[in-house]
Protein chains: 4
Amino acid sequence: MVKKPAPDATRRSEKSRRAIYAAALALVGEVGYPKTTVEGIAARAGVGKQTIYRWWGSKADVLLEAFLDLGEQTAREAGQEPYAIPDTGDLAADLKAVLRATVDELLDPRFDVPARALTAEGVVNEQLGREFVAKLLEPQLQLYVDRLRSAQDSGAVRPGIDPRIALELFVSPLAQRWLQRTAPISHAYTDTLIDYALHGLAPR
Amino acid sequence: MVKKPAPDATRRSEKSRRAIYAAALALVGEVGYPKTTVEGIAARAGVGKQTIYRWWGSKADVLLEAFLDLGEQTAREAGQEPYAIPDTGDLAADLKAVLRATVDELLDPRFDVPARALTAEGVVNEQLGREFVAKLLEPQLQLYVDRLRSAQDSGAVRPGIDPRIALELFVSPLAQRWLQRTAPISHAYTDTLIDYALHGLAPR
Amino acid sequence: MVKKPAPDATRRSEKSRRAIYAAALALVGEVGYPKTTVEGIAARAGVGKQTIYRWWGSKADVLLEAFLDLGEQTAREAGQEPYAIPDTGDLAADLKAVLRATVDELLDPRFDVPARALTAEGVVNEQLGREFVAKLLEPQLQLYVDRLRSAQDSGAVRPGIDPRIALELFVSPLAQRWLQRTAPISHAYTDTLIDYALHGLAPR
Amino acid sequence: MVKKPAPDATRRSEKSRRAIYAAALALVGEVGYPKTTVEGIAARAGVGKQTIYRWWGSKADVLLEAFLDLGEQTAREAGQEPYAIPDTGDLAADLKAVLRATVDELLDPRFDVPARALTAEGVVNEQLGREFVAKLLEPQLQLYVDRLRSAQDSGAVRPGIDPRIALELFVSPLAQRWLQRTAPISHAYTDTLIDYALHGLAPR
DNA sequence: TAATAACCGAGACGGTACGTCATGTCTTCAC
DNA sequence: GTGAAGACATGACGTACCGTCTCGGTTATTA
């Protein structure tokens with residue numbers, strides 16, 4: 001529920017919308033989120049400011065949609081099974097592979113800058129934060145839930161475990177290191193996380 | 001390196017400094033971080049704007065120091081050993097107790113709003129982020145490192161485990177739920193985190 | 001030369017035209033000329049903006065035509081000889097009567113507000129000013145010219161006098177007091193003007 | 001009563017004030033009043049918009065003061081007796097001389113454009129109109145009142161005449177021709193006005 | 001014990017961006 | 001092909017803050 005209510009969406013200019021997405025992502029990448037302004041986006045997109053305010057409520061809204069759109073775009077190009085966790089039967093290997101790919105993505109500035117900006121905005125702006133989580137984060141976490149459920153069926157994870165919590169043992173540490181820069185992230189690091197999470201800290 | 005270099009700190013007005021801290025925290029609590037302005041802080045503190053710019057570089061700097069000061073203040077009032085993790089010999093119980101206290105703190109708006117604001121700013125502003133982590137976050141995480149080392153000595157944690165990574169298994173999930181509101185936080189939740197982290201997801 | 005050139009006037013909607021006149025006059029009366037907008041007129045008249053821009057060049061043009069139309073309307077209702085100066089043989093009395101009627105009109109807000117707005121626009125916008133003078137002002141002044149010529153024939157005005165200049169001795173003062181509010185206007189005032197103009201300031 | 005109430009006038013920047021006056025007059029002269037904008041004035045004066053809004057309420061206010069200031073400036077440069085009507089004993093000659101000078105001024109674009117703009121604004125904006133009249137127009141008219149009083153003392157004007165009305169017989173016609181462009185203005189024209197006004201239209 | 005620095009409050013300043021409003025053009029659809 | 005509707009690029013509005021600056025007025029050493 002981020003959009004303003006009224007205007008006639010059927011008459012909306014597709015060209016302007018795409019130009020605005022492109023301008024917003026470009027500017028955030030080039031000058032950073034705080035220095036990205038609605039005026040700047042409008043000027044770069046060759047669009048009137050009002051066209052932005054007609055369809056979005058703030059630069060955060062614009063960027064959120066632009067980022068969502070970028071994700072869909074990328075997914076469509078990447079092709080077949082965009083978002084899914086492999087299920088080779090080896091849970092540890094599957095999770096390590098996915099987390100390694102995630103590390104690579106987090107280190108790519110094309111992704112890092114807007115994602116960081118949106119996350120920061122969402123931390124402080126509850127409405128946007130909830131939208132960000134619902135549209136972007138939760139669908140991805142759900143993939144882990146599914147994979148962990150499958151692992152429970154095959155006996156690789158204990159039956160009593162709540163997968164929604166379990167996934168956080170390895171996903172959240174990576175997220176926090178990325179967001180707060182508490183420590184560097186690497187493939188070795190995420191491999192370790194998976195090992196610790198699966199086998200626990202206590203001796204067995 | 002947040003402060004400006006020049007002025008003579010010995011002549012600094014303690015009264016103004018305290019008034020600025022109080023105004024900054026009050027405003028962030030009342031109107032939120034984005035609507036908190038340097039002008040607003042100055043007006044509320046009954047202080048000239050220059051007095052703020054003389055000693056700090058931005059509202060983020062002011063708030064960071066105000067928050068740090070608040071922490072020390074609170075600690076001093078709370079008394080003896082402000083930040084330390086108990087070591088009763090029962091690792092699980094000790095960690096659960098500390099995390100429960102952390103949950104309570106995160107749910108207290110007096111702490112939540114400024115902490116959230118600073119974290120958000122730090123996500124996007126690397127300099128401030130590093131300062132925030134170094135001064136606030138890392139010292140706290142170090143306490144977990146110490147407790148886990150002690151647990152390794154007593155055999156409650158496997159010797160090969162890296163405590164700096166291990167603590168993230170339960171600390172980061174809580175942090176992420178709090179920051180991104182991916183799911184509610186509670187004592188039951190953090191208890192579960194400790195159990196999962198200590199004993200792992202895989203059957204033994 | 002105020003209208004745009006092109007469209008087919010035979011297919012023009014009479015209803016829209018009248019609605020636009022009414023809306024324009026109503027808005028100027030209610031909110032004043034500067035706050036009267038083309039969008040406002042269109043909305044109030046239940047008409048698309050383009051319908052205004054198709055037939056007029058600006059809000060000043062619309063108002064000018066609306067005012068002209070109002071004049072014709074009023075004249076038609078008032079009946080027979082709308083604009084003519086009586087010729088009873090007593091020049092002073094005839095002129096005083098007409099000026100008194102003019103004073104009454106100038107004090108009527110239904111006339112005052114749009115006339116004032118158009119005059120102001122004409123002061124600054126030469127094209128509109130000339131149109132305003134040619135279509136509205138000059139025809140009325142011509143009536144005075146005629147009456148003064150008749151007075152010259154009957155010996156009530158000196159033969160060498162230029163009537164086009166002469167009429168200004170009493171018409172312009174009234175106009176200036178009205179427009180610039182340099183002093184109040186009244187029947188007594190216009191009577192005095194006629195006396196001064198006819199007999200001069202110098203002793204005889 | 002055009003200025004906003006609050007700010008501390010003693011700290012006002014004289015340089016900015018002068019730059020704003022100059023920019024306002026220059027812009028009105030170059031692009032006309034309607035295309036003169038507050039933003040344009042600020043940009044041309046090298047001044048923040050707020051500095052204009054701090055001290056004036058609108059572009060009309062700015063222009064009014066700029067014009068007043070221009071008048072004083074000019075008067076000061078012109079020297080000794082800036083605004084006074086000569087009193088040679090020959091009333092007709094004195095008035096003709098002053099009106100001829102006025103004609104020359106009205107035909108000078110440096111004076112014409114801003115004066116016209118202010119007058120137009122004053123026609124429609126009562127507050128500004130009254131200020132314009134009180135500060136600019138009325139003081140000048142008062143000079144005629146004085147001269148006519150002196151003429152009454154010397155017997156050149158009938159004793160019963162009200163000078164405040166009498167002056168309008170020749171001043172207002174000139175004003176109307178200038179403002180409304182009802183007819184051209186010239187020295188011959190104003191000479192005629194004086195003759196008609198002094199000796200009347202009626203035969204003697 | 002004065003002088004002389006500095007910090008202090010206040011707030012004006014040149015700017016940037018805000019979010020809104022109106023302009024005049026253009027396109028779509030109904031009649 | 002006129003007309004209602006309204007999206008569009010444009011650009012000014014008047015406001016809010018930014019960070020810098022200058023102005024007296026207290027302090028609080030230093031000569």
Side-chain angles (χ1 to χ4, degrees), chain A residues 6-13 15-16 34-40 42-43 45-55 57-59, chain B residues 4 6-13 15-16 19 35-43 45-55 57-59, chain C residues 4 6-13 15-17 19 34-43 45-55 57-59, chain D residues 6-13 15-16 19 34-43 45-55 57-59:
Chain A
D8 179 351
T10 67
R11 307 190 44 188
R12 183 166 182 183
S13 162
K15 207 176 84 186
S16 293
K35 292 197 168 179
T36 296
T37 66
V38 174
E39 291 204 331
V47 136
K49 263 202 290 183
Q50 198 55 49
T51 299
I52 295 184
Y53 284 111
R54 193 170 4 248
W55 303 108
S58 65
K59 70 169 169 172
Chain B
K4 287 271 184 69
D8 178 353
T10 67
R11 310 196 45 175
R12 183 167 182 183
S13 162
K15 207 177 85 187
S16 294
K35 291 196 167 177
T36 296
T37 65
V38 173
E39 294 207 328
I41 296 171
V47 137
K49 270 201 291 180
Q50 194 61 263
T51 300
I52 294 183
Y53 284 112
R54 183 152 33 229
W55 302 108
S58 65
K59 70 167 170 173
Chain C
K4 287 271 184 70
D8 178 352
T10 66
R11 310 195 46 177
R12 183 168 180 183
S13 162
K15 207 178 83 186
S16 294
R17 216 199 56 205
K35 291 197 166 176
T36 297
T37 65
V38 174
E39 295 207 327
I41 297 172
V47 137
K49 270 200 293 180
Q50 196 55 36
T51 301
I52 294 183
Y53 284 111
R54 184 149 32 227
W55 302 107
S58 66
K59 70 169 169 173
Chain D
D8 178 351
T10 68
R11 305 190 46 188
R12 184 166 181 181
S13 162
K15 208 177 84 186
S16 294
K35 292 197 166 175
T36 296
T37 65
V38 174
E39 291 204 331
I41 296 171
V47 137
K49 264 201 291 184
Q50 199 56 48
T51 299
I52 295 185
Y53 285 111
R54 186 159 22 237
W55 302 108
S58 64
K59 70 169 169 173

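Side chains are part of it too, since the values below use all heavy atoms of this structure and drop only hydrogens, waters and symmetry mates.
The distance between atom NZ of C/K59 and atom C1' of E/dA22, rounded to the nearest whole Å, is 10 Å. Atom pair D/I52:CD1 and E/dG15:P shows a separation of 12 Å (rounding to whole Å applied). Atom NZ in C/K35 sits roughly 18 Å away from atom P in E/dT20 (whole-Å rounding). Summarising the geometry, the separation between CZ on A/R54 and C1' on F/dT10 is reported as 12 Å, rounded to the nearest angstrom. Here E/dC13 presents its P atom at 7 Å from CZ of D/R12, a figure rounded to the nearest Å. Distance CG (D/D8) to C1' (F/dC23): 9 Å, rounded to an integer number of Å. Look at CD on B/Q50: it is 17 Å from P on E/dC13, rounded to the nearest Å. The distance from atom OH of B/Y53 to atom P of F/dT22 is 17 Å, rounded to the nearest whole Å.
Within the 4.0 Å cut-off from OP1 or OP2 of E/dG11, not a single side-chain nitrogen or oxygen of D/W55 is found. In terms of phosphate contacts, C/T51 brings a side-chain nitrogen or oxygen within less than 4.0 Å of OP1 or OP2 of F/dA4. Look at D/T37 and you won't find any side-chain N or O under 4.0 angstrom from OP1 or OP2 of F/dG11.
In this structure, D/R12 forms a cation-pi arrangement with D/W55, its terminal cationic atom sitting closer than 6.0 Å to the ring centre and no more than 45° off the ring axis.
Between B/S13 and D/E39, the one whose closest nucleotide on DNA chain E sits nearer the 5' end is B/S13. Nearest-nucleotide positions on DNA chain E place B/S16 closer to the 5' end than the other of C/K49 and B/S16.
By the salt bridge (Lys or Arg N to Asp or Glu O under 4.0 Å) test, C/K59 pairs with no residue at all, sequence neighbours left out. For D/T37, the side chain to side chain donor-acceptor pair (under 3.5 Å) criterion is met by no residue, not counting sequence neighbours.
Residue-level contact check: D/G46 touches the backbone only, with heavy atoms under 4.0 Å from sugar-phosphate atoms and none from bases.
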Atom pairs under 3.5 Å: protein N/O with N/O of nucleotides 26-31 of chain F:
unit_1: F/dT27; atom_1: O2; unit_2: B/R11; atom_2: NH2; d: 3.2

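Of all heavy-atom pairs spanning C/A45 and C/A19, the tightest one is CB-O, 3.6 Å. When every heavy atom of C/I52 is checked against every heavy atom of C/V38, the shortest pair comes out as CD1-O, 3.9 Å.
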